[in-house]
Amino acid sequence: QVQLVESGGGLVQPGGSLRLSCAASGSIFSINTMGWYRQAPGKQRELVADITRAGSTNYADSVQGRFTISRDNAKKTVYLQMNGLKPEDTADYYCYARITVSGALRTLDYWGKGTLVTVSS
């Protein structure tokens, strides 16, 4: 019953900005770390940024200073504000969340289906 749904991807020019959102829904007891990963064609999926429930953040060196991750615990939503976009940022962006589900209270990792970000003129 748990799912993550991303939104906000699209085509932007180099130097432009984009804001991604990911909302969690379903039988959720609590959400631990949430984050964003990306995968370009022919490459491994890599961490972009993550954020703990308390708000501690971690960024890949390649996006430090350009991207900002945030979350709204009441809305069960994580955001990624991307500024100063570069062509090398082009990738499928996936939302991640470690969630303790209701009932059995088992903690599992969940992934969204991805949203495409293309940076090109």
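The structure presented is a predicted model; accordingly, all values stated were derived computationally and were not measured.
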Colleague: Keeping to residues at least two apart or across chains, list the salt bridge (Lys or Arg N to Asp or Glu O under 4.0 Å) pairs with something in residues 69-87.
Modeller: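 For residues 69-87: none.
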Colleague: Kindly compute the distance separating OG (S25) from CD (Q3), expressed to the nearest 0.5 Å.
Modeller: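 Interatomic distance, S25 OG to Q3 CD, rounded to 0.5 Å: 4.0 Å.
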Colleague: Please name the pair of heavy atoms, one in I69 and one in G35, separated by the smallest distance, quoted to 0.1 Å.
Modeller: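 Residues I69 and G35, closest heavy atoms: CD1-CA, 4.0 Å.
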Colleague: Could you give the distance from CD1 (I99) to OG (S30), rounded to the nearest 0.5 Å?
Modeller: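 Taking CD1 in I99 and OG in S30, the distance rounds to 9.0 Å.
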Colleague: I'd like to check the side-chain contact (heavy atoms from CB on, under 4.5 Å) partners of V12; sequence neighbours left out, ordered by chain and number.
Modeller: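 Scan of V12 (side-chain contact (heavy atoms from CB on, under 4.5 Å), adjacent residues dropped) gives L18, L85, V119.
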Colleague: Can you name the side-chain hydrogen bond (donor to acceptor under 3.5 Å, both in side chains) partners of N83, sequence neighbours left out?
Modeller: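 Result, side-chain hydrogen bond (donor to acceptor under 3.5 Å, both in side chains) vs N83: S17, Q81.
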Colleague: Look up atom OG1 in T33 and atom CG in N58, then write down how far apart they are to the nearest 0.5 Å.
Modeller: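 If we round to the nearest 0.5 Å, T33:OG1 and N58:CG are 10.0 Å apart.
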Colleague: Would you say V2 and L108 make side-chain contact, with heavy atoms under 4.5 Å?
Modeller: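 Answer no - side chains too far apart.
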Colleague: Supply the atom-to-atom distance K43 NZ to D92 CG, rounded to the nearest 0.5 angstrom.
Modeller: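 One gets 14.0 Å once the value is rounded to the nearest 0.5 Å.
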Colleague: Report yes or no: do Y79 and M82 belong to one cluster of Ile/Leu/Val/Met/Phe/Trp/Tyr joined by side chain heavy-atom distances under 4.5 Å?
Modeller: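 Cluster IDs for Y79 and M82 differ.
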Colleague: Can you confirm whether E88 sits close enough to S62 that some side-chain heavy atom of one is under 4.5 Å from a side-chain heavy atom of the other?
Modeller: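 Side chain of E88 against side chain of S62, heavy atoms only: no contact under 4.5 Å found.
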Colleague: Considering only Ile, Leu, Val, Met, Phe, Trp and Tyr, and joining two whenever side-chain heavy atoms are under 4.5 Å apart, list the other residues clustered with Y94.
Modeller: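 The other cluster members (ILVMFWY side chains, heavy atoms under 4.5 Å, direct or chained) are Y37, L47, Y96, W111.
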Colleague: Once salt bridge (Lys or Arg N to Asp or Glu O under 4.0 Å) is applied, what residue pairs with a partner in residues 1-13 remain, sequence neighbours excluded?
Modeller: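 Listed once each, the pairs would be none.
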Colleague: Looking at every non-hydrogen atom in both residues, tell me the closest pair between S70 and V78 and how far apart they are.
Modeller: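 For S70 versus V78, the nearest heavy atoms are O-CG2, 3.2 Å.
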Colleague: Which value, rounded to the nearest 0.5 Å, describes the distance between L80 atom CG and M34 atom CE?
Modeller: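 Atom-to-atom, L80:CG and M34:CE are 12.0 Å apart.
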Colleague: With sequence neighbours left out, write down each residue that passes side-chain contact (heavy atoms from CB on, under 4.5 Å) with S120, or none if nothing qualifies.
Modeller: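 Partners of S120 under the side-chain contact (heavy atoms from CB on, under 4.5 Å) test: L11, T118.
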Colleague: Does anything in residues 19-42 form a salt bridge (Lys or Arg N to Asp or Glu O under 4.0 Å)? List the pairs, not counting sequence neighbours.
Modeller: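 The answer is R38-E46, R38-D89.
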Colleague: Considering non-hydrogen atoms only, spot the tightest contact between A91 and L116 and give its length.
Modeller: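 Scanning both residues completely, I find the closest heavy atoms to be O-CD1, 3.6 Å.
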Colleague: Going by the disulfide (SG to SG under 2.5 Å) test, which pairs reach into residues 40-91, not counting sequence neighbours?
Modeller: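 Sorted result for residues 40-91: empty, none.
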Colleague: With a 4.5 Å cut-off on side-chain heavy atoms, are Y59 and T68 touching?
Modeller: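 SC-SC contact between T68 and Y59 confirmed.
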Colleague: Compare all side-chain heavy atoms of F67 with those of T57 and state whether any distance is below 4.5 angstrom.
Modeller: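 With C-beta onward as the side chain, the pair stays apart.
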Colleague: Who pairs with A23 by side-chain contact (heavy atoms from CB on, under 4.5 Å), at least two apart in sequence or on another chain?
Modeller: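 Once residues adjacent in sequence are excluded, the partners of A23 under the side-chain contact (heavy atoms from CB on, under 4.5 Å) criterion are T77.
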Colleague: Among residues two or more places apart or on two chains, list those pairs meeting disulfide (SG to SG under 2.5 Å) that have a residue in residues 81-121.
Modeller: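 Qualifying pairs: C22-C95.
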Colleague: Applying salt bridge (Lys or Arg N to Asp or Glu O under 4.0 Å), can you list everything that pairs with D61, at least two apart in sequence or on another chain?
Modeller: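 Result, salt bridge (Lys or Arg N to Asp or Glu O under 4.0 Å) vs D61: none returned.
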Colleague: Taking only residues two or more places apart in sequence or in another chain, which ones pass side-chain contact (heavy atoms from CB on, under 4.5 Å) with T107?
Modeller: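 Result, side-chain contact (heavy atoms from CB on, under 4.5 Å) vs T107: N32, R98, T100.
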